[in-house]
Amino acid sequence: MEQLSDPGLYDYLPFDRRPAIRWPNDARIAVWIAPNIEFYEFEPPENPKRKPWARPLPDVLAYSYRDYGNRVGMQRMMDAMDRTGFRGSVSLNVALADHHPEIIEEAARRNWEFYSHGVYNTRYCYELTEEQERKLIEDSIETIRKHTGQKLAGWLAPALSSNIWTTDLLAEYGLLYTCDHFHDDQPMPVNVRKGRLLSMPYSLEMNDIIVYNGSLYPPRHYGEMIKRQFDQLYRDGERSGTVMCIPLHPFLVGQPHRIDSFEEALRHIAGHDKVWLATGREIAEYYFEHHYETMSAAIRDFAAEGRGA
Amino acid sequence: MPVSDDYFVYPKRGYGMDHERYAWSNLFERGPVALPGNARVALWVTPLLEWFPLNSPAKPFVAPGGLSMPYPDFRHYTNRDYGNRVGIFRIVELLRELSVKGSAFLNGAIAERYPYVVRHLVDAGFEIAGHGLDMGHVHHGGLSEADEAALVERALGLLRSVSGQEVRGWLSPGRAQSYLTPEILVRNDIAYCCDWANDDMPFEMKTKDGDLLAMPYAYETDDRVCLHDYHHTDADWLVQSKDRFDCLYREAAERGGRVMSIPLHAWVMGVPYRLGYVRELLEYILSHEGLWVATGAEIADLVRRQP
């Protein structure tokens, strides 16, 4: 397949040329937490583009490091979120609902949202056909409906492995938002073949796995980053509502040497007024109802005037 | 290259784990573990002594801390061996002063090459535990069962004969295993193994030859992981280790005993400027009530006696 320099995922609309976003109750910022609740396979099949484990099978260290999240870290993460009043929007490897239904029950009991992060985190979308990727989406819709009664609204590609058409399919299946694009601090329309779809601010910068295992920052620094990210977006949100996402992995943030500085950061956020502690679905639904049309019109106007030339 | 439709077949997609090694369970749903004297935290100090052969193979992977320069990589070979000659004596002296014992994990090659240090650890009251034959012999799926069994037998034979101890604990080099490592360990009278990083408390693993206790051995506050893999400072290792202890200590008040392991690679933490951080951590932990200073074998025995 031909590789494109710009697939036209979205249109350019500069930060200072947008109609103001207003959130419910005059909130300046919508904060949502996206725990990635994942299942990595002990013996995953091969994919032509990515090797699941670095060492020869069985890679017990890499596997068990992640299994820690489901056995231990989950509870600490949930407790910290409960104590500070946050719900989660679960980025779910949907097979986990079959393996560990108890975790799904605990999250559902707290009114958390479930959206899809593929079937397993060791099954990538690389080299799939469009028809094959439909199977993944249909599996996700059905598994989440069966275990939680929820209608699937959001998507984060398994291990961030997207295809060029993925957003088109998501819109076709009636999903509301994708988390795979990192170009903005506000929800923005995604250009799809048919229907409509939002790009929901997720974040690589705030993602614990990027911070701890990519940037290799110490745990307490992560707490500082969260606070500073919030403070700036809160300030920006006075003019036009912003979105802050905190993507998590219970196998990382749920470690005993990390959980306290994380909880302290959540307490900092929760200590402010005019903060909307939301789920991804709630933000998307509100935006579609109140802002999608005006933002789309602003995008068209900006293009018509020659993109600010 | 297209992906076949088999990619959407999930033979292990069902309740529990996708392998037979252990049952799925949530730590916080399990019954509390009672520690002796109503202690809250079992303090388990675990020095490591490692030897990295100069001709260590690069395949199938290099053990963490392994040689990475063209042969002869004197730089890393000698730096790692520093721990066996100098660093460990500094660590043992500190632990003696603080009246802290623990479990020392040794490559079998240490007993062969440096029996003096093994006796030194035994005299200081340490449990001797196995840590493979040497850091050039990693366990992996490509080893034949006979070859892997020979590695384990040789390592344990050396450690048992030199230490005079039973040697019931095990940590594989790089925490790497084959599909059969747990069986081979059980057949060689190993009671507990520290390779898997999925829990904060001991739990039973199934093997075809009997049970093997999985022991919680800190992964990310392991000194080598924290300093060498993550490039954090020693000062930050101290902060994280204290934070880890604080969380476990607090949790233990409601959830039952917790195990706090402190891996100390002799070649990492035995360096002069780092020892002060080890002292500071231990003095901080020891300032708390409700500690049980234990060896791995003592923790394993205690857990196995409880329902």
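For the numbers below, each heavy atom of this structure counts, side chains included, while hydrogens, waters and symmetry mates do not. Lettering of chains follows the sequences in order, A, B, ..., and the numbering in each one begins at 1.
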So what's closer than 4.5 Å to chain A heavy atoms on [X]: side chain, backbone, both or neither?
| X | answer |
| --- | --- |
| B/Y230 | both |
| B/Y15 | both |
| B/P216 | neither |
| B/F245 | neither |
| B/Y22 | side chain |
| B/R21 | neither |
| B/S25 | both |

What distance separates [X] [atom1] from [Y] [atom2], expressed to the nearest 0.5 Å?
| X | Y | atom1 | atom2 | value |
| --- | --- | --- | --- | --- |
| A/T122 | A/E38 | OG1 | CD | 9.5 Å |
| A/N93 | A/N121 | CG | CG | 4.5 Å |
| B/N198 | B/M205 | CG | CE | 5.5 Å |

Picking from [options], which has the most non-hydrogen pairs under 4.5 angstrom with chain A?
| options | result |
| --- | --- |
| B/L27, B/L248, B/D243 | B/D243 |
| B/C226, B/G16, B/S241 | B/G16 |
| B/V138, B/D5, B/D195 | B/D5 |
| B/E220, B/H19, B/M201, B/K12 | B/E220 |
| B/D200, B/D6, B/V9, B/D236 | B/D200 |
| B/G14, B/P60, B/A176 | B/G14 |

Under 6.0 Å from the ring centre and within 45 degrees of the ring axis: does the NZ or CZ of A/R123 meet both conditions for the six-membered ring of B/Y7?
yes

Looking at A/L96, A/T129, A/V119, which one has more heavy-atom pairs under 4.5 Å with chain B than the rest?
A/V119

Looking at A/E102, A/K49, A/R66, A/E41, which makes the most heavy-atom pairs under 4.5 Å with chain B?
A/E102

Strictly distance-based, threshold 3.5 Å: is any side-chain N or O of A/S140 a donor or acceptor partner for the main-chain N or O of A/L136?
yes

Is A/E264 reaching over with its side chain to a backbone N or O of A/S261, donor-acceptor style, under 3.5 angstrom?
no

Structural part of [X] lying under 4.5 Å from a heavy atom of chain B:
| X | answer |
| --- | --- |
| A/I259 | side chain |
| A/I103 | side chain |
| A/N70 | both |
| A/Q255 | side chain |
| A/D260 | side chain |

Test: B/D229 and B/R224 ion pair at under 4.0 Å:
yes

Which of parallel (below 30°), tilted (30 to 60°) and perpendicular (above 60°) describes A/F39 and A/H99?
parallel

Geometric class of the A/Y126/A/Y124 ring pair [parallel <30°, tilted 30-60°, perpendicular >60°]
tilted

Given the side-chain rings of A/Y222 and A/Y212, with only the six-membered ring counted for Trp, is the space between their centroids under 6.0 Å?
yes

Suppose we call two aromatic rings close when their centres sit under 6.0 Å apart. Are A/Y68 and A/F251 close by that rule?
no

With a 3.5 Å cut-off and no angle check, do the side chains of A/T143 and A/D139 form a donor-acceptor pair?
yes

